[in-house]
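For the numbers below, each heavy atom of this structure counts, side chains included, while hydrogens, waters and symmetry mates do not. Residue numbers start from 1 in every chain, and the chains themselves are labelled A, B, ... in the order their sequence lines are given, proteins ahead of strands.
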2 protein chains.
Amino acid sequence: MPAAERRELILGHASAVFGRTGYAGTTTEQIAQAAGISQPYVVRMFGTKEKLFVEVMERALGKLIVAFREVIRLRDSGEIPADELGARLGQAYVDLIEDRGILMSLMQGFIQGHDEVIGQRARAGFLEIYRLLRDEAAIPADDVRSFLADGMLINTLLAIGMPDNFEGDEAATELMTLSFGAKLDTVLCAASERPARPA
Amino acid sequence: MPAAERRELILGHASAVFGRTGYAGTTTEQIAQAAGISQPYVVRMFGTKEKLFVEVMERALGKLIVAFREVIRLRDSGEIPADELGARLGQAYVDLIEDRGILMSLMQGFIQGHDEVIGQRARAGFLEIYRLLRDEAAIPADDVRSFLADGMLINTLLAIGMPDNFEGDEAATELMTLSFGAKLDTVLCAASERPARPA
DNA sequence: GTCTATACGGAGATAGAC
DNA sequence: GTCTATCTCCGTATAGAC
């Protein structure tokens with residue numbers, strides 16, 4: 001297998017595992033097992049665990065930016081109405097949940113703000129998203145703030161494991177419905193690792 | 001020193017350290033040093049690191065609930081206008097930042113949702129806050145969701161270390177101002193561990 | 001390019017003294 | 001009630017073979 005492809009494969013698995021158990025709570029051995037390779041090879045390929053984590057964050061951030069830019073492009077080309085921009089961006093965000101680990105590994109990076117290396121990259125990434133929405137998407141600053149807040153609530157609900165544990169609880173069901181709306185089924189399918197629309 | 005007092009002292013220090021470096025990223029030795037006692041004593045007093053963390057979460061949750069209940073009580077007794085409730089609750093939330101570690105250790109618990117024990121307590125705690133705001137404070141459900149979203153953005157900005165690193169960056173300054181508003185100086189003073197209003 | 005073996009440090013927990 | 005000493009396991013990283 002070519003190095004670039006294997007690299008991406010490992011990053012994908014690392015993203016999922018880091019996203020679930022965090023930077024400090026994840027061992028390179030767990031990532032190696034998920035990717036089906038040996039632990040020293042993981043380290044060999046990325047230098048250190050920290051460098052691997054930063055690459056995971058960068059990859060996640062890249063995917064998020066691509067997803068947002070695509071929505072903005074559709075708006076600019078007139079393929080979607082301007083007043084739907086916010087809803088479409090929200091949908092694009094939730095759709096990323098299917099690629100399990102993207103949003104969670106980013107969130108784990110945010111929570112790791114005390115770490116010199118990771119923290120710096122996390123802050124820069126967060127602001128990159130802020131500027132993208134404010135400048136490229138031309139959304140009013142306070143609406144961007146509000147959009148980001150909704151995103152952080154979604155991240156927290158995912159991280160806390162709510163999608164797998166809310167059934168039977170009235171308050172949890174209401175909160176999940178309010179937070180995800182029509183996109184709730186997408187989330188639930190992603191949570192149980194089944195495809196969003198079973199054949 | 002009486003056991004109860006020493007216990008609370010250790011919990012306070014543990015809260016600060018866990019809040020900063022997370023559950024997995026924190027050693028019982030770090031907590032012991034912060035509290036000025038020996039590492040085995042920390043373990044001895046709380047059984048395991050996990051039990052200690054759960055107690056830290058419970059303590060943080062308790063303080064948050066007390067703060068919110070006090071605001072609700074003021075509204076119910078007519079001491080503050082009903083239409084100011086949201087703003088007062090927000091202020092009460094931000095004020096908790098001064099007791100460094102409260103909001104952050106809770107957030108670290110939320111992010112630890114995959115852990116059987118911690119995750120369960122975190123979900124229960126999150127929903128407890130949701131119900132408190134919806135039922136006791138009688139805030140419309142979607143406003144509660146929105147309030148929680150704002151809280152999660154605040155938590156994320158704190159965790160990512162934004163208060164200590166936004167100066168000089170135009171976007172970061174704008175985002176911090178929008179997110180904290182008039183409460184920004186409270187946050188900055190708490191961040192640099194100086195009193196909110198220097199004498 | 002990928003593995004096995006392993007060195008080395010660290011962390012949680014226990015034993016037992018004072 | 002609190003400490004020192006220490007056991008034991010685990011995790012990252014390196015060395016070196018194939």
Just compare [options] and give me whichever is closest to any side-chain atom of [X].
| X | options | value |
| --- | --- | --- |
| A:S38 | C:dC3, D:dT12, C:dG12 | C:dC3 |
| B:P40 | D:dT12, D:dA5, C:dT4 | D:dA5 |
| A:T48 | D:dC3, D:dA13, C:dT4 | D:dA13 |
| A:R44 | D:dT4, D:dG11, D:dA15 | D:dA15 |

Value in whole Å for how far the [atom2] atom of [N] lies from [atom1] of [X]:
| X | N | atom1 | atom2 | result |
| --- | --- | --- | --- | --- |
| B:E29 | C:dA13 | CD | P | 14 Å |
| A:K49 | D:dT14 | NZ | P | 15 Å |
| A:R6 | C:dC3 | CZ | C1' | 12 Å |
| A:F46 | D:dT12 | CZ | C1' | 16 Å |
| B:I31 | C:dA13 | CD1 | C1' | 14 Å |
| A:L52 | D:dG11 | CG | P | 16 Å |
| B:K51 | C:dA13 | NZ | C1' | 12 Å |
| A:Q30 | D:dG11 | CD | P | 7 Å |

Evaluation steps, side chain to side chain donor-acceptor pair (under 3.5 Å), between B:T48 and B:E50: CA-CA 5 Å; B:T48 65; B:E50 190 179 60; 5.2 Å; no
C:dA11 phosphate, OP1 or OP2, under 4.0 Å from B:T28 side-chain N/O: no
Earlier contact from the 5' end, DNA chain D, for B:Q39 and B:A3: B:A3
Enclosure of B:E116 CD (heavy-atom neighbours >12, cutoff 6.0 Å): no
More than 12 heavy atoms from other groups under 6.0 Å of CD on A:Q120: no
Whether B:S105 side chain and B:I102 backbone form a donor-acceptor pair below 3.5 Å: yes
B:Y93 and B:N155 side chains, donor-acceptor separation under 3.5 Å: yes
